[in-house]
Asker: 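Right, I'll just put the structure down here and ask away after.
Both backbone and side-chain heavy atoms feed into the values below; hydrogens, waters and symmetry mates do not.
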Amino acid sequence: MLNMGKIRLMTDIAIYEKKHSDSVFKVNNYYRGDYIAGNMAAAFVRFTLCSVLVLIFVVLFGTDVFFEQINEEGISAVFTQIGLLYGAGLLLYLLIAYNVYSRRYKNAKRGVLLYATKLKRLQRKYCCETQAPKTGKRKLSAGRRAAEER
């Protein structure tokens, strides 16, 4: 006869694996600090590339303003402003990235724990099914069995 509890549990585990396999299970290979540091390094690279692209667009579309400030003081002031904007934006972006990736790690670890709990519950259901029912009688050693048969 089909055990509906086991079927539901197996279906639930399979659906969880299908939905969360990418995000949850790869976190299990990292320590918290390594996971966050790796993702923050990737965030640094992404922010830097986006900043360079924005700077290129600003220079291309605002060349008339840039060439008006061609003297040394004007150029150094522009580069100082660009550097300050880049630094402030990078700091803000990395703080947000730290919060996001630490929360993702925490949620993924919770998901791995939930998955392991469901697997243990399924394993217990299989173990209970395969074990012989207890009858209350103890197994006797060969010597005692021979003595009782006499």
Side-chain angles (χ1 to χ4, degrees), residues 1-139 141:
M1 183 154 81
L2 296 175
N3 187 342
M4 293 307 287
K6 281 196 308 189
I7 292 173
R8 282 190 195 112
L9 189 57
M10 285 189 287
T11 305
D12 193 29
I13 290 171
I15 290 172
Y16 188 82
E17 285 176 351
K18 183 83 169 169
K19 278 185 179 179
H20 303 287
S21 64
D22 294 337
S23 61
V24 171
F25 296 117
K26 76 176 174 183
V27 168
N28 212 20
N29 298 329
Y30 298 102
Y31 291 111
R32 182 178 181 270
D34 294 340
Y35 178 77
I36 293 172
N39 283 308
M40 284 185 67
F44 171 77
V45 170
R46 284 190 302 265
F47 183 81
T48 302
L49 289 176
C50 287
S51 297
V52 168
L53 287 175
V54 166
L55 182 64
I56 289 171
F57 284 130
V58 167
V59 168
L60 288 178
F61 291 116
T63 53
D64 54 344
V65 175
F66 185 73
F67 284 123
E68 288 175 3
Q69 298 177 350
I70 205 78
N71 61 14
E72 287 182 26
E73 293 173 5
I75 291 175
S76 65
V78 167
F79 284 125
T80 304
Q81 286 178 341
I82 290 171
L84 288 175
L85 282 174
Y86 172 77
L90 180 65
L91 180 66
L92 180 66
Y93 188 71
L94 288 179
L95 285 173
I96 292 170
Y98 177 81
N99 286 330
V100 166
Y101 289 117
S102 63
R103 192 170 297 140
R104 281 186 187 176
Y105 185 84
K106 181 179 159 186
N107 291 340
K109 276 300 192 182
R110 188 179 303 140
V112 168
L113 186 64
L114 176 70
Y115 178 74
T117 304
K118 287 180 182 181
L119 285 177
K120 285 179 185 176
R121 192 177 339 151
L122 182 64
Q123 184 181 15
R124 269 189 265 130
K125 287 191 180 213
Y126 273 108
C127 287
C128 292
E129 188 176 275
T130 59
Q131 289 178 349
K134 295 183 179 180
T135 59
K137 294 183 180 179
R138 292 184 356 192
K139 289 187 175 181
S141 65

Asker: Between Leu94 and Phe44, what is the shortest heavy-atom contact and its length?
Answerer: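 Shortest heavy-atom separation between Leu94 and Phe44 comes out as CD2-N, 4.1 Å.
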
Asker: Consider side chain to side chain contact (heavy atoms under 4.5 Å, CB included). Of Val45, Val52, Leu53, which one does Leu49 pass it with?
Answerer: Val45

Asker: Taking atom OH of Tyr98 as the centre, does the number of heavy atoms from other residues, nucleotides or ligands within less than 6.0 Å exceed 12?
Answerer: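 No, OH of Tyr98 has 12 or fewer neighbouring heavy atoms, counting only those of other groups under 6.0 Å.
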
Asker: So how far is it from Tyr93 OH to Cys50 SG, rounded to the nearest 0.5 Å?
Answerer: 7.0 Å

Asker: Walk me through whether Arg110 and Asn107 qualify under side chain to side chain contact (heavy atoms under 4.5 Å, CB included).
Answerer: CA-CA 5 Å; Arg110 188 179 303 140; Asn107 291 340; 3.4 Å; yes

Asker: Begin with the C-alpha distance, continue with both residues' side-chain angles, and end with the deciding distance and a verdict on side chain to side chain contact (heavy atoms under 4.5 Å, CB included) for Arg121 and Lys118.
Answerer: CA-CA 5 Å; Arg121 192 177 339 151; Lys118 287 180 182 181; 4.2 Å; yes

Asker: If we ignore hydrogens and angles and just use 3.5 Å, is the side chain of Tyr105 paired with the main-chain N or O of Tyr30 as donor and acceptor?
Answerer: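 Pair found, side chain donor or acceptor close to backbone of Tyr30.
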
Asker: On a heavy-atom basis, which atom in Phe47 and which in Gly89 lie closest, and how many Å separate them?
Answerer: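 Closest approach of Phe47 to Gly89, heavy atoms only: CZ-C, 3.3 Å.
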
Asker: Quick check for you: to the nearest 0.5 Å, what is the distance between Leu95 atom CG and Met40 atom CE?
Answerer: 7.0 Å

Asker: Looking at CG of Leu85 and CG of Leu90, how far apart are the two atoms once the value is rounded to the nearest 0.5 Å?
Answerer: 12.0 Å

Asker: Find the distance between CG (Leu55) and CG (Leu60) and round it off to the nearest 0.5 Å.
Answerer: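 If I round to the nearest 0.5 Å, the distance is 9.5 Å.
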
Asker: What's the verdict on side chain to side chain contact (heavy atoms under 4.5 Å, CB included) for Val100 and Arg104, showing C-alpha distance, side-chain angles and the deciding distance?
Answerer: CA-CA 6 Å; Val100 166; Arg104 281 186 187 176; 3.8 Å; yes

Asker: Nearest 0.5 Å please: distance from the NZ atom of Lys120 over to the SG atom of Cys127.
Answerer: 13.0 Å

Asker: Specify the closest pair of heavy atoms between Arg46 and Asn39, including all atoms of both residues, with the distance to one decimal.
Answerer: NH2-O, 4.2 Å

